[in-house]
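Predicted model, so just to flag it, every value in this text is computed and none were measured. Heads up: numbering here begins at 1 and tracks the sequence.
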Amino acid sequence: MPFRISLPEGLLDMFARFHSAAAALFCSSLLLLGCSASNAEKKAETTPKAVLWKIEKASAAPSWVLATVQTPDGHNVEFKPEVEPALLGSKYIGTEFFSDMQSSIELAQAMVSKEATLEKQLGAERYAKVSVLLASRGYPAAVSAKLHPWAATMLLFSPSAGKENVPMDEYVFQYATETNKPYFALETIEQQLNPFKSISPERQLILIDAFIEHHTALENAHKKNMAAYIASDLNQIDPYAQFETIALAKAEQAWFKEWRTNLKANRNKVLVERLKTPLGKGESFFTIGAAQLTGEDGLLNSLRAAGYTVNPVKAEAKK
């Protein structure tokens, strides 16, 4: 049965744009190459330089996972040469969650309230600053005014972006649609949103204030994030650890570290379970945010622990 929705003008368009990029918010929002994490945060294991990984198991044909990052303003999405053969040769295509219009509608409904209450919840001065940051990410006043505070926080983890920027996930989704290849998603919208909704209102304000105070440094971090990705150095992409170090006061770092550590671990459990079907079929190609893949606690190691062989794929040398 069809249902009716009432959304501010431009909202669905804005959220359709955001929807494809939302998965990346968890894994590739912030990076500061010149500001290393503490010794305790440094990875004991270095991930080989690559953006594409081949996943194998004796019972199925190989599959591939492509690391993604958000594309800041001034950059174009260009997949590396090794990606095309894997994508074209796959029978099944997946992203972290569905990128269709119905999912965009559900996302919009979850992130906004019926009334324009964000200014009241944040206070006039804070809201004025936040609305500028949201506008730079493509969200007009009609949208930002009705956002839940946790939704505003989530959107602020993305970089300012040009209107023509298309997220990496969107290219993959469009390819699956145009070629009529079976498409799958690894998480539901609620699974993507719940970690942000779980943060208390008081701590939401702390995060928002951190974005306001450090927005210039964080925008520069996004650009360095992209540079690291172009260099295939996923080890440099550790978004939440960097945000913790750059933007949060010492007194706030412990709870945020616990939040982000649990987020990565819980997501890995879900992803490994959901991947059993496409990896069991073989010839699957899917995307995951770069930071979710790397480190001792990353998805690549979780897949190895589950019995898969996982190896980097590098471009063949030009003859």
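Identified under the side-chain hydrogen bond (donor to acceptor under 3.5 Å, both in side chains) test for residues 207-217, with sequence neighbours left out: Arg126-Asp209. Sorted by first and then second residue, the salt bridge (charged side-chain N to carboxylate O under 4.0 Å, His left out) pairs with a member in residues 279-295 read Lys91-Glu283; sequence neighbours excluded.
With salt bridges taken as basic N to acidic carboxylate O contacts below 4.0 Å, one links Arg267 and Glu96. Using a 4.0 Å cut-off between a side-chain N of Lys or Arg and a carboxylate O of Asp or Glu, Glu219 and Arg137 qualify as a salt bridge.
The aromatic rings of Phe256 and Phe157 sit parallel, their planes meeting at an angle under 30°, below the 60° perpendicular limit.
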Walk me through it: do Leu248 and Phe243 pass the test side chain to side chain contact (heavy atoms under 4.5 Å, CB included)?
CA-CA 7 Å; Leu248 288 182; Phe243 175 77; 4.0 Å; yes
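Applying the salt bridge (charged side-chain N to carboxylate O under 4.0 Å, His left out) rule to Glu273 yields the partners Lys276; only residues at least two apart in sequence or on another chain are considered. By the ring-ring contact (aromatic ring centres under 6.0 Å, His included) test, Tyr308 pairs with no residue at all, sequence neighbours left out. Pro182 pairs by the side-chain contact (heavy atoms from CB on, under 4.5 Å) definition with Tyr92, not counting sequence neighbours. Contacts of Thr287 classified as side chain to side chain donor-acceptor pair (under 3.5 Å), with partners at least two apart in sequence or in another chain: Asp169. Scanning for salt bridge (charged side-chain N to carboxylate O under 4.0 Å, His left out) contacts around Lys49 gives an empty result, with sequence neighbours left out. Residues meeting the ring-ring contact (aromatic ring centres under 6.0 Å, His included) test with Tyr183, sequence neighbours left out: Phe98, Phe173. Under the side-chain contact (heavy atoms from CB on, under 4.5 Å) criterion, Leu87 pairs with Ile93, Tyr175, Phe285, not counting sequence neighbours. Every residue two or more places apart in sequence or in another chain that forms a side chain to side chain donor-acceptor pair (under 3.5 Å) with Thr153 is listed here: Gln204. Here Ala231 pairs with nothing under the side-chain contact (heavy atoms from CB on, under 4.5 Å) rule; sequence neighbours left out. In this structure Glu190 satisfies the side chain to side chain donor-acceptor pair (under 3.5 Å) test together with Lys197, sequence neighbours excluded.
Open room surrounds NZ on Lys129; 12 or fewer heavy atoms of other groups in view lie less than 6.0 Å from it.
With rounding to the nearest 0.5 Å, the separation of OG1 in Thr261 from CG in Asn266 is 10.5 Å.
The shortest side-chain heavy-atom distance between Leu133 and Leu156 falls under the 4.5 Å cut-off. Looking at Leu271 and Glu187, their side chains come closer than 4.5 Å, going by heavy atoms from C-beta outward. Two residues are said to be in side-chain contact when any heavy atoms from C-beta on lie closer than 4.5 Å; Phe286 and Arg274 fail this criterion. Within the 4.5 Å cutoff, the side chain of Leu303 has heavy atoms near those of the Leu279 side chain. Using a 4.5 Å cut-off on side-chain heavy atoms (C-beta onward), Val270 and Leu186 make no contact. Within the 4.5 Å cutoff, the side chain of Gln109 has heavy atoms near those of the Ile105 side chain.
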